[in-house]
Amino acid sequence: MADELAMTKTQPSSSESPPAESPEIMGCTNRGMNASPPCSSEVLSPSQTGYAKKEFMRMAPKEKLKHFDSQAQAREDIKEFDACIQDLVRCVALTRLVHGDGHLKLAQAHARLAKAYFKFKGWGLQAQEHSALAREVLPFCPSISSSRGENLEEAESSFLEAELVLEELHQHGGINQEEKMKTALEISTGLSRVYRRQNRPEEALSQCEKSLQRLKDCGKPEKTSSVYRDMAAIEQDRGHLDQAIEHLSKAHAIAMSHSPEELEGAQISHSLALILSAAAEPHHNDSAGHYFEQSLSAYKNSVGPQDPAFLAAQDDFCRFLLLSGHKERCVEIQRASLATKSSTFGDLSAEVADTLQLIGSMEMSEGRVKQAHRTMTKCLEIQSLLYGPQHKTTKATQKAVDMLARAPEVAERQQRQGIRKTKRHTLSVVPSSSNYGNSMSDS
């Protein structure tokens, strides 16, 4: 009990307003993001509710955290505010030990302690100090920076908890309005994407509306294009293409007015082209072609014609041309892209194989059997190396090559090539008279 009593003595009476927090508390809580383990004298102290010291020492940190958390609440309820604050200090140290430096729960623990200092003692400096520590932790929380790889329910819960922490930080002066708006935007954006993955489109759209309002409130309407893109994706998921086109059109207008030749403008034009090309209405085809051309121009200016993003958009455009009946232009573009794809992805890449397959298919449909056989044979060689001979893609190409090989003009060419190869082989293995003489003399 002596260590707990010593800790209590470091605290001023409730009537005092100290200039700084006591060394014992600050030693465990004011370590920022590179903290060492918590002070043992605080964490390992037995409570005053009947735990024997040895039994308490054997408890896992997680159990100790749970104990002090509930004890802090109990002491708050009976207005033992000094003891409550001591328990909350221990909770901060144990939370760091159990969850790590970059966890949302550490930000919550700091925010809870800041609130207690301000509400129960009126100690503004201590409250501000822990609010600042919570603010430092908040951007590093995985649930805020990205919810990928997490359980979606946990991600949702973390984002909702982060909203509460953020509000408390702002109330106690630990974060200014600009910082609050920035983090709140991250939270609403993250929640909308979690809800989308959970197939909860209405709630996802509601979070997008919050993001739009926040961006407008802080005078950054040019940033709303990314939110409209998210809204378009949500609407497209549930088959509402008209609404998706409407949202993407808004995003496109914003991007074109602020950065027409930058990457975002290229991406939005590309997305708009894809969704318009999938729409049933015939008049959308003309618009789709326009946006494909616009996206390719923007990609070329922003990232260059050898960038994978440009080449992917170009392939999408070629598929659109193929479906629209513009086969010749499609093949022309694909042929011209082969050298670039070989340079960007490698000679033995899936991108090169796919391009050869598309060109070969077009040559087959046009009756150019010999050329199709050469193209599809090159494609088969790459696919066999990439996927193996038993892969369904390789088997399909092999079947096409075999069919083409049975065509008279191809069979005749292969027969001639076979004869030439045999002659070359014979000439290479039969020694000339001079060589033969030399070999005899050697023997």
Side-chain angles (χ1 to χ4, degrees), residues 3-43 45 47-48 64-99 101 103-141 161-177 179-180 183:
D3 53 353
E4 188 150 0
L5 181 59
M7 183 177 178
T8 306
K9 287 179 180 178
T10 65
Q11 292 292 327
S13 66
S14 59
S15 61
E16 297 175 1
S17 180
E21 200 164 13
S22 64
E24 290 84 350
I25 295 176
M26 292 306 295
C28 284
T29 59
N30 190 14
R31 292 193 177 95
M33 296 302 296
N34 298 313
S36 56
C39 303
S40 59
S41 63
E42 292 179 20
V43 173
S45 300
S47 72
Q48 298 175 354
K64 291 175 185 172
L65 175 59
K66 184 178 178 182
H67 166 74
F68 282 120
D69 182 76
S70 60
Q71 183 169 276
Q73 184 59 55
R75 285 173 165 172
E76 179 184 342
D77 292 342
I78 60 175
K79 297 183 171 28
E80 292 183 358
F81 298 135
D82 288 346
C84 171
I85 287 174
Q86 291 171 20
D87 287 336
L88 290 177
V89 169
R90 296 184 179 111
C91 285
V92 169
L94 283 163
T95 300
R96 180 182 286 111
L97 183 64
V98 173
H99 297 289
D101 286 332
H103 202 281
L104 177 63
K105 290 190 181 296
L106 182 58
Q108 289 175 304
H110 277 298
R112 187 180 176 192
L113 181 56
K115 182 179 179 181
Y117 275 133
F118 191 79
K119 181 178 177 182
F120 303 147
K121 309 293 287 183
W123 294 349
L125 284 174
Q126 280 76 7
Q128 192 169 12
E129 179 72 27
H130 285 283
S131 292
L133 289 170
R135 184 187 66 225
E136 288 176 17
V137 174
L138 207 55
F140 295 95
C141 299
E161 288 174 4
E163 278 190 315
L164 298 176
V165 173
L166 186 66
E167 192 58 42
E168 288 188 2
L169 286 176
H170 186 248
Q171 286 177 1
H172 296 105
I175 192 168
N176 61 35
Q177 183 64 22
E179 290 169 328
K180 179 191 175 185
T183 308

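These numbers were taken from a predicted model, which means no experiment stands behind them.
Proximity of a side-chain donor or acceptor of Ser70 to a complementary backbone N or O of His67 within less than 3.5 Å is detected.
Considering only heavy atoms from C-beta on, Arg96 comes within 4.5 Å of His110 through its side chain. Within the 4.5 Å cutoff, no side-chain heavy atoms of Lys64 are placed close to those of Val98.
Scanning all heavy atoms of the two residues, the minimum distance from Cys84 to Ala72 falls at SG-O, 3.4 Å. Nearest heavy-atom pair, Leu106 versus Asp101, reported as atom, atom and distance to 0.1 Å: CD2-O, 3.3 Å. Residues Ala109 and Thr95 share a closest heavy-atom pair of CB-OG1, 4.0 Å.
Donor-acceptor pairing under 3.5 Å is recorded for the side chains of Asp77 and Gln73.
Taking the charged nitrogens against the carboxylate oxygens, Asp82 and Lys121 do have a contact shorter than 4.0 Å, which makes a salt bridge. The existence of a salt bridge linking Asp69 and Arg112 is confirmed by a sub-4.0 Å separation between a basic side-chain nitrogen and an acidic carboxylate oxygen.
Note that CD of Gln71 is 10.5 Å distant from CG of Leu88, once rounded to the nearest 0.5 Å. With values rounded to the nearest 0.5 angstrom, Ile85 atom CD1 is found 11.5 Å from Lys119 atom NZ. Note that the NE2 atom of His103 and the CD atom of Gln108 stand 8.5 Å from one another [nearest 0.5 Å]. Rounding to the nearest 0.5 angstrom, the gap separating the CG atom in Leu94 from the NZ atom in Lys105 is 14.0 Å.
Pairs engaging residues 71-94 under the ring pair (Phe, Tyr, Trp, His ring centres under 6.0 Å) rule: Phe81-Phe120 [sequence neighbours left out].
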